[in-house]
Amino acid sequence: MVLEREILPYMQWLLQGADDSWGTLPHFLLVVLGCGLLALGVGYCISAARHGFLHGGDNVYRVVAQGFRELSEISPRRVWALARLAIKEAWQRRVVVALVVFGIILLFAAWFLKTDNQDPAKLYISFVLTAATYLILGISLLLGAFSLPHDFKTKTIYTIVTKPVRSGELILGRILGFSIVGTLLLLVMAVCSYVFVHRSLSHTHRVETGLKHVSNASQEVIGYDGNTSKNAYHRHEVQLDIDKHGAALSNFGHVHAIEPRGDAPQVYPAEGYMRARVPKWGKLRFLDRKGLLKERGISVGSEWSYRSFIDGNSQAAAIWTFNNVSAIATADDPATEIVEDALPFGLIVRVFRTHKGVIDQPISGTIQVRNPETGLRSDAISFFAVDAKVDERTIPRKLTTPDGTEHDLYKDFVSSNGQLEIWVQCLERGQYFGFAKADCYLSLPDGSPGVNFSKVCLSIWVQMVIVISIGVASSAFLSGAVAMLFTVVFILLGFFRDFFVGVARDTQHGGGPVESLVRLVRQDNVMIELDPGPGTSLIEGIDFVLQKFMLSVAQVLPDFSAFSTVDFAASGFDIPANRVWQDLTTCLAYVVGLAVIGYFLLRTREVAK
Amino acid sequence: MSEETVIQTRALSKVYRDFWGRQKVRALKALDLEVHRGEIFGLLGPNGSGKTTTIKLILGLLFPSAGEAVVLGKAATDVGKNERIGYLPEESYLYRFLNAEETLDFYGRLFDMTPETRQERVDTLIKQVGLDKARKRQLQEYSKGMTRRIGLAQALVNNPDLILLDEPTSGLDPIGTREMKDMILRLREEGKTIVMCSHLLADVQDVCDRIAILHQGELKELGRVDQLLTVEDITQIRARGLSEECKNEVSQVIARHSGELLEMANPTTTLEELFLGIVRDSEARPGRRAKVTAPVSNPDNKK
Ligand SMILES: Nc1ncnc2c1ncn2[C@@H]1O[C@H](COP(=O)(O)OP(=O)(O)O)[C@@H](O)[C@H]1O
Ligand SMILES: [Mg+2]
């Protein structure tokens, strides 16, 4: 599970934003102001060129004033009538073909995807949901971008706009209608995906004969050990009690319950391959090899700077500080009992080896807890790092310290303001552990995987509505194909927004757009400065202007890569409610903004041209 | 603008431009018109003379290059005026995948009509235009005549005060044409104002109270149909039961007021002749208002 951007609490996200950014609402208002002024300016210039300075100003004023008046005249009945028409139109255009395509994709998936992978659920979920996302976005694009231009081409728009239909209703009706169509398609796809993933992953085993007896100190048989048969590319170890109740231990991301049936133990269907872990994240700091506090660990040369690393067999450590730990322990839910016993947490380690180490043996590390207030530190609990997997462990309730005394986890290691530190270190010389903030978390009780799956669909829905809105708004002014192209460019830039902003801010290697083009043509090294001279100054001058322009465009680009929550569900993490609300709010902002833009584009357009 | 004026255009002009703003066609040149309440006003002109352009400007589908149009007391670009307007475009610009009922229901919704009024209105209109049997068929299966009818029904959905009909009879057979004309006359009786444009002279002559004749975007003639068609300097006498002598001495007979004088009036020419005369004159002297007096026609040609 990769969490590149911190998920802020909703109100903070809305009003304040993170340290280096604005709150969403101020940002939105600023964009509205900017777009409004720009539109007024452009509108006035065009109008003045056509009708003269005074008359032009008059025209602009009338259009704006009428816009505000028409806002109050929007009739739900008309919007709904237009939405119904859009639905019928979509049906005419045979959108259901998309479902057939999705069916075929699932068939191929059933054919090609294998369950021989350590985490088959991840593969299956991310595949079907990603396929559904692209398919839905594609349909939204076609529906949104071609509808209004088609009306213009067949001139059916004449009979519409000569009725008391406000331009805004034309836009809203379409967005609503196509969103309904998209929602239905998405629902069908979601249900199919869910069933498909479940059916593909469900399997069972037999318990192999030849169970070994397990005895206690006084030689009484207390249970059995053994293996299951190999099904779906894996087998499990089996632990049974004397009555042959028990479990097939976790492997390939799931477990099976085992109950006796007649004489033989029977393995029940797989459980837990779809999870919705609810993590409670903390703050991450590092100690370097000399034991000095650092913001980040060291780099091992990976381009992706998400994780940073600690050296093995040194003082280097990754330290997470968790707040309100006592609150978890006393949380009022059925799982409290377990929590009070021990503190469950998850750890994801990226292992970076500089030598092979002991063949066949994973790299070992230690975990300690520490009270940030008193400095009390527990004995090291050693563990073997499983590379890039969620390793779910517990911190026992009773912990010893180096002086040999026993302490209580909640009483002695959690500070008076509820803070707890978890320290992770790597034991082996020349080997490294890599961590990011989200790689260690305290586990709250799991959410429902089904609900989580729906949350992913909701985020697909949000993307869909945004794409429809962009398509409809741009097609109020552009012809179908051009509107589609525009929307595609918008989406692509949205997907690569970070890179786009990087180029605009000059943080990408190789300079601005023109400079990189020159480098590309001349096959220059991106790290070497261009030779100073008038040519370079010119290039930098143009780039400066372009970059300012790109920065302004970036202000309105939807961050499509960040909208996708497929990764959460695929790695078995619950999508935080804050994220869901934030996405919905963003969606609303786009719909409102684009509807207004679409309104003015349509309003100022000569229908019968 | 008085209460009685429904449409007023002042120096209304339209220049079609291409994408780069270059002038393509001057479709309408400084048109001044007034249409009064309760009349049937005809826009007459050959193809491409700017009739449709005028109607689109009145509806706000086009923006004028100069001048302005005021419709029902509102600017042509104000959507509010559409509440009381019905428009039948020159071709059927309806959704072909809807059936007659759905079509009318849809347009009824656009007028924010309640479900009850809508249903009632749809029902009456479908019966009125004679599509009762085809009400459940999709418009793509309709013949030209049926399409025209559903188009008219669509224009009447809101029971409008002002109806704009663009070539209402084009493509209709003689019976359909007759029905359409009767419908138009009936609408006038209901007190509605109708503006229709056509190049079919007979239709205009039959129904219109006043006409404007356009040619190449210029207004050539404007007036009441009966007046326009009157030939003033000729007196026509139609008589019956006169003997041969009587006929020979017709002028004396008139002077002495003997014999049965059935009719003594100014003869009329046909609209067709007036129209052709104007077009010929306009081509000879472009840019000026027509100065044609109606030619003498052979009275025998008249019905
Ligand atoms: N959208 C348009 N673009 C360019 N020229 C047009 C357009 N519509 C009409 N015209 C031109 O304007 C003139 C008037 O057309 P129109 O009003 O449709 O004539 P009518 O309805 O009297 O037959 C014609 O010369 C026509 O070619
Ligand atoms: Mg025409």
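We name chains A, B, ... by the order of the sequence lines, and we start the count at 1 in each one.
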Between B:N82 and A:T162, a side-chain donor and acceptor under 3.5 Å: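 No, no side-chain donor-acceptor pair sits under 3.5 Å.
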For the residue pair B:D166 and A:Y158, confirm or rule out a side-chain donor-acceptor distance under 3.5 Å.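 A:Y158 and B:D166 do not have a side-chain donor-acceptor pair below 3.5 Å.
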Do you know which of B:L61, B:L59, B:L62 makes side-chain contact (heavy atoms from CB on, under 4.5 Å) with A:V607?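 Running side-chain contact (heavy atoms from CB on, under 4.5 Å) over B:L61, B:L59, B:L62 with A:V607 returns exactly one hit, B:L61.
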Does any heavy atom of chain A fall under 4.5 Å from the side chain of [X], the backbone, both, or neither of them?
X      : result
B:D105 : side chain
B:K24  : neither
B:L164 : neither
B:T114 : both

Around atom [atom1] of [X], are there more than 12 heavy atoms of other residues, nucleotides or ligands at under 6.0 Å?
X      : atom1 : answer
A:F477 : CZ    : no
A:L54  : CG    : no
A:K153 : NZ    : no
A:Y61  : OH    : no

For A:R603 and B:F63, which heavy atoms make the closest approach, and how far apart are they? O-CZ, 4.0 Å
If you compare all heavy atoms of B:F106 against all heavy atoms of A:A81, which two are closest, and at what distance to 0.1 Å?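 Result for this residue pair: CE1-O, 3.7 Å.
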Could you tell me whether A:E606 and B:R17 have a side-chain N and a carboxylate O separated by less than 4.0 Å? no
Quick one: does A:K163's side chain get under 4.5 Å of B:Y87's, heavy atoms only? no
A:P164 side chain reached by B:V79 side chain, heavy atoms, under 4.5 Å: no
Which pairs with one or both residues in residues 82-97 of chain B pass salt bridge (Lys or Arg N to Asp or Glu O under 4.0 Å), sequence neighbours excluded?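 Qualifying pairs: B:R84-B:D161.
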Determine, stepwise, if the pair A:I160 / B:Y95 fulfils side-chain contact (heavy atoms from CB on, under 4.5 Å). CA-CA 10 Å; A:I160 305 278; B:Y95 292 94; 3.8 Å; yes
If we define contacts as heavy-atom pairs under 4.5 Å, which of A:R77, A:Q66, A:R78, A:R62 has the most with chain B? A:R77
Could you check which of A:T154, A:V79, A:V165, A:L85 has the highest count of heavy-atom pairs closer than 4.5 Å to chain B? A:L85
Could you check A:R84 against B:E102 for salt bridge (charged side-chain N to carboxylate O under 4.0 Å, His left out), going step by step and ending with a plain yes or no? CA-CA 11 Å; A:R84 275 172 40 129; B:E102 288 169 338; over 6 Å; no
Value rounded to 0.5 Å, distance of CG in B:L98 from CD in A:E89: 10.0 Å
In terms of heavy-atom pairs under 4.5 Å with chain A, the winner among B:L94, B:V157, B:L88 is B:L94
Name the region of A:W91, side chain, backbone, both or neither, that has any atom closer than 4.5 Å to a heavy atom of chain B.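 Looking at A:W91, nothing touches chain B.
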